[in-house]
*Asks:* 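Structure incoming, see below.
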Amino acid sequence: FGRINKRSAPFPLEDSDIWQTDGQPYEQWLCTLVSSLISHCDDIILRLCRSLVFLKVEAAELLLASALVNIAGNMDSNSGICGLISSKVEKIIFCDSNYMMKSVKLFLDALNVVRSFYVTERARASPYNTRASPSPYNTPKDGSRSARSKSRSPAATPSSSWRKVYWLSVDYLVAARAAQRCSCDFATLMYVELWCEEQFNKLDLGPPDFSQQESLAPHIGLLVEAFTHINEPDSIYGITLANEVASQIIRYEHEGNWSSALEYYDLLVRSTPKENLANFAGTVLTGPSVSSKAEENLLNWKMHKGLMRSLQKTGCSHVLDIYSQGLTNQKACLQQDSEFVDIQYEAAWRAGNWDFSFFVPYSSQPSSRSRDYCLFNENLHSCLRALQNGDSEQFQGKLSHSKMDLVLALSNASKESTKYIHSTVLKLQMLDHLSMAWELRWKFCPDQAPKSNVGTEEFNLVPAVPKRNQLELLSKEWNFILCQTERNLDLFEPFLAFRRGLLKILGSEEHLIEHLFQSASALRKGLRFSLAAASLYELKELCCHRDQQTVPSTYFLSKLEEAKLLRAQGQHDMAIGLGKYILKNHTDERNKSDVYRLVGKWLAETRSSNSRTIIEDYLNHSVALDKKYMSRQCRTHFHLAHYTYNLFKSYEERLSSNEWQAALRLRKYKTKELDTLLKRLKNSSKG
């Protein structure tokens with residue numbers, strides 16, 4: 001107990017060392033701070049618990065909010081302690097240089113508890129909270145309110161003197177930025193709303209900024225980040241009302257129009273002074289600076305990263321590689337920037353460049369590794385390279401390290417950030433596929449030990465090409481992931497690229513062809529036309545290297561998918577022409593039904609042919625082939641019925657139109673006039 005009493009000696013709250021999180025463990029920082037806060041409480045139970053916070057850190061986490069509530073609820077306490085705690089929390093805990101995210105989350109939760117206390121006190125003080133039934137407590141006597149009513153009056157509550165609902169006078173925008181760093185997106189929205197109410201005296205974003213400044217306002221940027229993370233896409237249009245380039249880029253990225261986003265990023269990069277590049281990496285590694293010059297450099301560096309991301313989304317992998325090399329040669333210190341390294345490694349494993357590596361390893365910056373990026377793409381690249389080369393030690397080490405990083409990221413992630421959680425879970429599934437692929441590719445020699453000894457150096461591994469039945473479990477897991485993601489392309493597009501590289505390493509050309517066709521279809525439906533065209537081009541090359549007699553169905557499906565892609569890109573005539581070419585040159589009639597149906601549908605939509613030709617030459621042929629081979633009869637019958645119904649509907653609309661009625665009246669009038677003229681002619685001939 002003597003040791004506890006010595007450690008539990010209170011430290012003054014004015015001492016900044018007890019608030020600083022750098023240079024001390026989380027447990028030591030929390031226990032010391034909570035002990036000092038409890039020393040300012042007047043609750044006997046809390047003061048008795050002050051010695052216990054050093055024995056269990058969980059108790060300290062629970063008592064932090066209670067200590068703040070007790071200090072805030074003490075009306076007799078010095079008002080200066082509120083300003084002191086507010087200053088320390090805003091400048092030390094919520095500052096951007098604090099990378100101990102657990103401390104930020106802890107204080108955000110404590111502020112929510114203080115706010116709940118405020119709401120409860122206000123509800124008790126409300127005159128509408130008293131019961132309607134008569135009682136000795138709420139029945140006024142002698143023209144005065146009861147003692148209980150007086151105790152419930154707003155002037156008698158401890159929270160009535162608070163300047164803010166959280167008691168602490170912390171800038172709401174600073175708190176919102178801290179919540180955004182912790183992925184507490186709903187908390188970010190709440191703090192931004194409170195800031196807007198405080199600034200504009202109403203819940204409003206303020207007037208749109210049409211000035212010369214091209215950057216987003218701080219509160220608008222926080223709202224964009226929050227709405228993006230919680231998958232609330234419609235709100236993006238409501239908060240980006242100005243016409244600055246940053247707002248247009250956000251809308252383009254939100255809509256998936258990466259080509260337009262690339263153009264605007266290029267515009268911003270071209271307008272950036274070259275001398276600003278000198279401090280890019282230094283600004284990123286040392287954290288955000290209070291100076292406007294550092295913030296400008298950080299913004300310029302984000303433009304370059306946005307341009308690189310747009311190049312990747314549009315499928316310009318070669319241009320991205322050359323651009324990254326140019327940036328690296330211009331400033332070698334960029335190799336120590338975490339996000340730049342992550343983009344580089346992602347581009348490398350997507351392109352199958354297994355020789356890619358940095359001369360300056362990023363592991364030399366251990367403090368930066370734990371900040372925002374766990375370098376998943378670097379570990380994934382190393383695992384894929386080890387899978388190809390058979391380096392068991394590197395494979396197992398990188399795989400375990402990457403899994404630990406992802407699980408740690410999930411444990412620290414907020415439940416509000418659904419988009420981040422879903423993408424992290426998908427990354428774990430990618431690593432699980434890697435483990436399954438290792439067992440399929442590398443086998444032990446017959447005279448060696450069983451597979452349970454994978455990773456030991458005394459056993460030789462022999463590469464093997466897995467057969468189709470061996471890949472069934474991998475394909476089953478892949479189909480399950482497709483169902484889980486609900487065809488959300490932004491979510492599972494990295495998995496498409498990963499599975500393509502994985503099948504290339506495994507040497508399963510047959511599965512690779514099927515996957516490329518599946519990828520082209522998914523990318524086309526997701527409006528990623530350039531990536532879909534790249535998948536079809538690679539599929540064509542694989543089919544050309546193989547005997548076309550052995551893959552007639554795949555070659556036919558690739559041509560049909562190419563026609564669908566042309567149609568989606570607006571090249572209607574070319575798509576119809578390619579469809580007719582397939583009908584003319586493809587001999588297998590079993591697969592022609594879909595082509596007849598699509599060509600007939602496209603001709604009907606573009607009105608490129610008459611209805612008789614569309615029905616007799618295309619739609620009827622599709623129905624006949626489906627009846628013959630018993631395939632997709634419902635779809636073909638539906639399209640035929642849909643087209644004939646549209647024809648009937650157009651005829652009805654034409655017959656009931658004013659123009660048709662006027663034509664009928666004119667025809668009736670001309671008929672009468674003709675009859676009159678014929679009668680006159682007949683009478684004149686008789687005379």
Side-chain angles (χ1 to χ4, degrees), residues 1 4-5 7-15 18-21 24-90 92-94 98 100-125 151-152 156-170 175 178-179 182 184 187 190-191 414-415:
F1 287 99
I4 295 177
N5 291 330
R7 293 178 60 184
S8 60
F11 289 87
L13 292 177
E14 295 83 0
D15 189 1
I18 67 171
W19 295 90
Q20 292 288 346
T21 58
Q24 57 180 329
Y26 169 75
E27 294 79 6
Q28 179 183 349
W29 166 82
L30 178 62
C31 296
T32 305
L33 179 60
V34 174
S35 174
S36 299
L37 287 173
I38 292 178
S39 64
H40 291 78
C41 298
D42 60 355
D43 188 272
I44 298 178
I45 298 178
L46 282 176
R47 297 182 71 89
L48 289 175
C49 294
R50 190 167 65 88
S51 301
L52 300 179
V53 298
F54 291 98
L55 299 179
K56 201 169 185 63
V57 67
E58 289 80 4
E61 293 175 345
L62 292 174
L63 292 175
L64 173 63
S66 301
L68 289 177
V69 169
N70 183 263
I71 296 174
N74 187 3
M75 299 180 61
D76 298 330
S77 62
N78 185 9
S79 60
I81 195 173
C82 174
L84 174 63
I85 298 177
S86 301
S87 175
K88 298 299 183 182
V89 170
E90 181 176 341
I92 299 178
I93 303 299
F94 286 168
N98 179 19
M100 187 184 288
M101 292 296 104
K102 293 182 66 175
S103 64
V104 181
K105 283 185 179 180
L106 192 64
F107 266 90
L108 289 174
D109 294 337
L111 289 181
N112 287 334
V113 175
V114 176
R115 181 176 180 272
S116 300
F117 172 77
Y118 174 86
V119 173
T120 304
E121 287 290 316
R122 286 295 183 177
R124 289 177 179 174
S151 65
R152 287 184 173 183
T157 58
S159 60
S160 59
S161 60
W162 293 7
R163 295 179 57 188
K164 295 188 177 183
V165 296
Y166 293 96
W167 180 60
L168 297 180
S169 299
V170 177
C182 295
C184 299
M190 181 175 62
Y191 282 116
S414 171
K415 296 179 181 178

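A quick note: this is a predicted structure, and the numbers were derived from the prediction, not measured.
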*Asks:* Using 0.5 Å steps for rounding, measure from the CG atom of Leu48 to the CG atom of Asp43.
*Replies:*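 The CG atom of Asp43 is 9.0 Å from CG of Leu48, to the nearest 0.5 Å.
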
*Asks:* If you take all heavy atoms of Ala187 and Ala179, which pair is closest and at what distance?
*Replies:*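 That would be CB-CB, 4.1 Å.
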
*Asks:* Tell me the closest heavy-atom pair linking Arg50 and Ser35, and the distance in Å.
*Replies:*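 Smallest heavy-atom distance, with atoms named: CD-O, 3.2 Å.
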
*Asks:* Please give me the minimum heavy-atom distance between Cys41 and Ile71, naming the atom from each residue.
*Replies:*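 Smallest interatomic distance, heavy atoms only, reads SG-CG1, 3.9 Å.
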
*Asks:* Quick one: CD on Glu14 to CD1 on Ile81, what's the gap to the nearest 0.5 Å?
*Replies:*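 Separation between the atoms: 8.0 Å.
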
*Asks:* Decide yes or no for Leu63 and Leu46: does some side-chain heavy atom of the first lie under 4.5 Å from some side-chain heavy atom of the second?
*Replies:*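 Leu63 vs Leu46: side chains touch.
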
*Asks:* Mind checking the CD-OH spacing from Glu61 to Tyr26? Nearest 0.5 Å is all I need.
*Replies:*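 One gets 3.5 Å once the value is rounded to the nearest 0.5 Å.
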
*Asks:* Check whether any side-chain heavy atom of Phe94 sits under 4.5 Å from a side-chain heavy atom of Phe107, and report yes or no.
*Replies:*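 A side-chain contact under 4.5 Å exists here.
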
*Asks:* Is there a side-chain contact between Leu64 and Leu37 (heavy atoms, below 4.5 Å)?
*Replies:*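 A side-chain contact exists here, since the closest heavy-atom pair is under 4.5 Å.
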
*Asks:* Enter the distance from Leu33:CG to Ile38:CD1 here, rounded to the nearest 0.5 Å.
*Replies:*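 Here the interatomic distance stands at 10.0 Å.
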
*Asks:* Measuring from atom CD1 of Ile85 to atom OG of Ser169, what distance do you get when rounded to the nearest 0.5 angstrom?
*Replies:*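 That separation rounds to 11.0 Å.
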
*Asks:* Would you confirm whether the ring centroid of Tyr166 sits within less than 6.0 angstrom of the ring centroid of Tyr191?
*Replies:*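 When the ring centroids of Tyr191 and Tyr166 are compared, they turn out to be within the sub-6.0 Å range.
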
*Asks:* Could you report the tightest heavy-atom contact between Gln24 and Met100, atom names first, then the distance?
*Replies:*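 Where Gln24 meets Met100 most closely, the heavy atoms are O-CE, 3.9 Å.
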
*Asks:* For Val104 and Asn98, what are the C-alpha separation, side-chain angles and deciding distance, and is it a side chain to side chain contact (heavy atoms under 4.5 Å, CB included)?
*Replies:* CA-CA 8 Å; Val104 181; Asn98 179 19; 3.5 Å; yes

*Asks:* If only atom types and distance count, is the side chain of Ser87 paired as donor or acceptor with the main-chain N or O of Leu84 below 3.5 Å?
*Replies:*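 No, Ser87 side chain to Leu84 backbone: no donor-acceptor pair under 3.5 Å.
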
*Asks:* Is the side chain of Trp19 donor-acceptor paired with the backbone N or O of Leu13 at a distance under 3.5 Å, no angle test?
*Replies:*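 Indeed, once roles are kept as given, a pair shorter than 3.5 Å links the two residues.
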
*Asks:* Can you tell me how far the NZ atom of Lys56 sits from the CD atom of Glu27, to the nearest 0.5 Å?
*Replies:*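 These two atoms lie 11.5 Å from each other.
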
*Asks:* For Trp167 and Val114, which heavy atoms make the closest approach, and how far apart are they?
*Replies:*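 Minimum heavy-atom separation between Trp167 and Val114: CB-CG1, 3.9 Å.
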
*Asks:* Check the surroundings of atom CD1 in Ile44: do more than 12 heavy atoms from other residues, nucleotides or ligands lie under 6.0 Å from it?
*Replies:*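 Open: at most 12 neighbouring heavy atoms sit under 6.0 Å from CD1 of Ile44.
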
*Asks:* Given side chains that start at C-beta, do those of Asn112 and Met190 come closer than 4.5 Å, heavy atoms only?
*Replies:*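 Yes. Closest side-chain heavy atoms under 4.5 Å.
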
*Asks:* I need the minimum non-hydrogen distance between Ala60 and Val34, along with the two atoms involved.
*Replies:*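 Looking at all heavy atoms of both residues, the closest pair is O-CG2, 3.6 Å.
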
